[in-house]
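Note that the numbering runs from 1 along the sequence shown for the chain.
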Amino acid sequence: MAKGCAHLLNEINISAEQFRKLVTLYSIGSTIIVVPAAITADAHQDTWIAALFGVASGIGLVLLFTSLGKMFPTLTLMEMNEKILGKLFGKIVSAVFV
(Lines give C-alpha, C1' and ligand atoms only; values in the text may rest on other atoms or scores of the structure.)
Protein backbone atom coordinates (compact mmCIF):
# COMPACT_ATOMS: atom_id res chain seq x y z
CA MET A 1 0.00 0.00 0.00
CA ALA A 2 1.24 3.46 -0.79
CA LYS A 3 2.53 5.44 2.15
CA GLY A 4 0.14 8.36 1.60
CA CYS A 5 -2.97 6.14 1.36
CA ALA A 6 -2.67 4.46 4.76
CA HIS A 7 -4.48 7.27 6.56
CA LEU A 8 -7.53 6.89 4.31
CA LEU A 9 -8.30 3.43 5.67
CA ASN A 10 -8.87 4.86 9.14
CA GLU A 11 -11.36 7.44 7.82
CA ILE A 12 -13.68 5.13 5.87
CA ASN A 13 -17.12 4.75 7.44
CA ILE A 14 -20.29 3.28 6.02
CA SER A 15 -23.77 4.15 7.13
CA ALA A 16 -26.18 1.65 8.64
CA GLU A 17 -28.16 1.72 5.38
CA GLN A 18 -25.05 0.94 3.32
CA PHE A 19 -24.18 -1.90 5.70
CA ARG A 20 -27.70 -3.32 5.41
CA LYS A 21 -27.55 -3.24 1.60
CA LEU A 22 -24.09 -4.82 1.55
CA VAL A 23 -25.08 -7.67 3.85
CA THR A 24 -28.37 -8.22 2.03
CA LEU A 25 -26.70 -8.49 -1.36
CA TYR A 26 -23.97 -10.76 0.02
CA SER A 27 -26.58 -13.00 1.64
CA ILE A 28 -28.62 -13.25 -1.54
CA GLY A 29 -25.51 -14.08 -3.56
CA SER A 30 -24.41 -16.75 -1.10
CA THR A 31 -27.89 -18.19 -0.97
CA ILE A 32 -28.10 -18.53 -4.72
CA ILE A 33 -24.60 -19.95 -5.29
CA VAL A 34 -23.52 -21.99 -2.28
CA VAL A 35 -26.38 -22.81 0.04
CA PRO A 36 -28.70 -25.01 -2.08
CA ALA A 37 -26.19 -27.81 -2.54
CA ALA A 38 -24.98 -27.71 1.06
CA ILE A 39 -28.48 -27.71 2.55
CA THR A 40 -29.82 -30.38 0.22
CA ALA A 41 -26.97 -32.73 1.11
CA ASP A 42 -28.02 -32.70 4.77
CA ALA A 43 -31.73 -31.85 4.89
CA HIS A 44 -33.05 -33.70 1.79
CA GLN A 45 -36.83 -33.08 1.54
CA ASP A 46 -36.75 -30.65 4.49
CA THR A 47 -34.44 -28.23 2.69
CA TRP A 48 -37.09 -25.52 2.57
CA ILE A 49 -37.33 -25.49 6.37
CA ALA A 50 -33.57 -25.12 6.77
CA ALA A 51 -33.45 -22.39 4.14
CA LEU A 52 -36.34 -20.52 5.77
CA PHE A 53 -34.65 -20.71 9.16
CA GLY A 54 -31.36 -19.51 7.67
CA VAL A 55 -32.95 -16.51 5.97
CA ALA A 56 -34.88 -15.57 9.13
CA SER A 57 -31.81 -15.78 11.35
CA GLY A 58 -29.76 -13.82 8.80
CA ILE A 59 -32.34 -11.04 8.70
CA GLY A 60 -32.35 -11.01 12.49
CA LEU A 61 -28.58 -10.57 12.60
CA VAL A 62 -28.69 -7.76 10.03
CA LEU A 63 -31.32 -5.96 12.11
CA LEU A 64 -29.24 -6.46 15.27
CA PHE A 65 -26.02 -5.15 13.72
CA THR A 66 -27.83 -2.23 12.08
CA SER A 67 -29.42 -1.26 15.41
CA LEU A 68 -26.08 -1.48 17.19
CA GLY A 69 -24.49 0.65 14.47
CA LYS A 70 -27.13 3.32 14.98
CA MET A 71 -26.79 3.22 18.79
CA PHE A 72 -22.98 3.42 18.74
CA PRO A 73 -22.01 5.10 15.45
CA THR A 74 -18.42 5.86 16.44
CA LEU A 75 -17.51 2.44 17.89
CA THR A 76 -16.26 -0.66 16.12
CA LEU A 77 -18.04 -3.97 16.65
CA MET A 78 -15.32 -5.07 19.09
CA GLU A 79 -15.64 -1.86 21.08
CA MET A 80 -19.43 -2.28 21.16
CA ASN A 81 -19.02 -5.80 22.55
CA GLU A 82 -16.89 -4.50 25.42
CA LYS A 83 -19.22 -1.58 26.12
CA ILE A 84 -22.39 -3.71 26.13
CA LEU A 85 -21.12 -7.00 27.59
CA GLY A 86 -18.34 -5.75 29.86
CA LYS A 87 -14.61 -5.88 29.32
CA LEU A 88 -13.94 -9.60 29.88
CA PHE A 89 -17.06 -11.12 28.29
CA GLY A 90 -16.89 -8.55 25.46
CA LYS A 91 -13.35 -9.64 24.62
CA ILE A 92 -14.39 -13.30 24.68
CA VAL A 93 -17.33 -12.69 22.34
CA SER A 94 -15.10 -10.63 20.04
CA ALA A 95 -12.49 -13.39 19.93
CA VAL A 96 -15.15 -16.00 19.11
CA PHE A 97 -16.56 -13.70 16.42
CA VAL A 98 -13.16 -13.20 14.79
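Atom OH of Y26 is surrounded by 12 or fewer heavy atoms from other residues, nucleotides or ligands within 6.0 Å.
Looking at L61 and V23, their side chains never come closer than 4.5 Å, going by heavy atoms from C-beta outward. Residues V98 and M78 are in side-chain contact: their nearest non-hydrogen atoms beyond the backbone lie under 4.5 Å apart. Counting heavy atoms from C-beta outward, N81 and K91 have side chains that stay 4.5 Å or more apart. Within the 4.5 Å cutoff, the side chain of Q18 has heavy atoms near those of the S15 side chain.
When hydrophobic clusters are built by joining Ile, Leu, Val, Met, Phe, Trp and Tyr residues whose side-chain heavy atoms come closer than 4.5 Å, directly or via intermediates, F89 is grouped together with L68. A continuous path of ILVMFWY side-chain contacts below 4.5 Å connects L85 to L75, so both sit in one hydrophobic cluster. Each of L22 and V55 belongs to its own hydrophobic cluster when Ile, Leu, Val, Met, Phe, Trp and Tyr are linked at side-chain heavy-atom distances under 4.5 angstrom. A chain of hydrophobic side-chain contacts below 4.5 Å, direct or via other Ile, Leu, Val, Met, Phe, Trp or Tyr residues, connects L77 to F19. Transitive grouping of hydrophobic side chains (ILVMFWY, heavy atoms separated by less than 4.5 Å) brings L64 and V93 into a common cluster.
Put simply, the side chain of E79 gets close to the backbone of T76: a donor and an acceptor are under 3.5 Å apart.
Interatomic distance, CD1 of I92 versus NZ of K87, reported as 13.0 Å (0.5 Å rounding). If you take NZ on K70 and CD on E17, they are separated by 7.5 Å, rounding to the nearest 0.5 Å.
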